[in-house]
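Below is one structure, written out as structure tokens; the observations come after it.
Treat the numbers as computed from the prediction; the structure is a model and nothing was measured.
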Amino acid sequence: VEQVDDIPRDVLWTQQQMCFMPSSNQPWMLQRVKWDRFIVGEEKNDDHDDAQESGLEDSNVSSANTIAWVVARDTADDLTFDDSCNPVPKNSIMISMGVACKASRAVRSLVRTYSSDGMLLNVVFQEGLLQ
């Protein structure tokens with residue numbers, strides 16, 4: 001596994017699933033979170049696997065073809081993230097953890113956003129492809 005210090009910039013994010021509280025000052029309760037799903041471009045069939053679509057054999061997918069990252073930023077400006085439906089404050093803290101497979105080009109990321117006082121604002125699961 002290749003560890004990198006930043007989020008790869010050559011990612012086309014195709015899906016995002018976000019959960020957040022209806023009011024940012026509410027404490028987190030799973031029963032009350034709101035879920036939003038954003039799909040860019042053509043809708044993806046959840047039954048298909050990226051490795052299957054690219055015709056890759058299992059022998060091509062190994063830890064040598066894997067990129068992983070954990071990145072924390074003091075502002076939302078620099079992270080590749082579409083927050084149009086649930087904008088985050090500029091003084092927020094975003095933590096992105098992700099993995100990309102060079103062989104299948106599949107990328108998965110989990111982004112957590114916190115307010116400046118440490119309150120969790122949202123959690124986003126992203127799927128995409130390396131370009």
- Query: After noting the C-alpha distance and the side-chain angles of Arg37 and Gln15, does the key distance pass the side chain to side chain donor-acceptor pair (under 3.5 Å) rule?
  - Reply: CA-CA 7 Å; Arg37 183 174 185 187; Gln15 290 191 64; 2.3 Å; yes
- Query: When rounded to the nearest 0.5 angstrom, what is the spacing between CG in Asp36 and CE in Met18?
  - Reply: 7.0 Å
- Item | Minimal non-hydrogen separation, Leu130 against Lys102, with atom names | CD1-CA, 4.2 Å
- Message: Please find the pair of heavy atoms, one from Trp28 and one from Cys19, that lie closest to each other, and give the distance.
- Response: CH2-O, 3.5 Å
- Message: Nearest 0.5 angstrom please: Ser109 OG to Trp69 CH2, how far?
- Response: 5.5 Å
- Item | Taking every non-hydrogen atom, the tightest pair across Leu121 and Ser92 | CD1-CB, 4.4 Å
- Which atom of Leu129 lies closest to which atom of Ser104, heavy atoms considered: CD2-O, 4.5 Å
- Note on the structure: Closest non-hydrogen atoms of Met29 and Met21, given as atom of the first, atom of the second and distance, are N-SD, 3.7 Å
- Item | Same cluster (ILVMFWY, side-chain, under 4.5 Å), Val33 and Leu120 | yes
- Rounded distance [0.5 Å steps], CG in Asn91 versus OG in Ser116: 4.0 Å
- Message: Rounded to the nearest 0.5 Å, what separates atom CZ in Arg112 from atom CD1 in Ile93?
- Response: 11.0 Å
- Message: Check this for me: does any side-chain nitrogen of one of Asp10 and Arg105 sit under 4.0 Å from a carboxylate oxygen of the other?
- Response: no
- Query: Taking a hydrophobic cluster as the set of Ile, Leu, Val, Met, Phe, Trp and Tyr residues connected by side-chain heavy atoms closer than 4.5 Å, whether directly or through intermediates, do Tyr114 and Val70 fall within one such cluster?
  - Reply: yes
- Query: If Ile, Leu, Val, Met, Phe, Trp and Tyr residues are connected whenever their side-chain heavy atoms lie under 4.5 Å apart, and connections chain through other members, are Val99 and Ile95 in the same group?
  - Reply: no
- Task: Could you give me the CA-CA distance, side-chain angles and deciding distance for Arg32 and Gln26, then say whether side-chain contact (heavy atoms from CB on, under 4.5 Å) is met?
- Result: CA-CA 10 Å; Arg32 293 187 181 171; Gln26 282 182 301; 4.1 Å; yes
- Query: Is there a path of hydrophobic side-chain contacts, each under 4.5 Å between heavy atoms of I, L, V, M, F, W or Y residues, that connects Leu30 with Met119?
  - Reply: no
- Smallest separation among heavy atoms of Lys34 and Pro22, with atom names: CE-CG, 3.6 Å
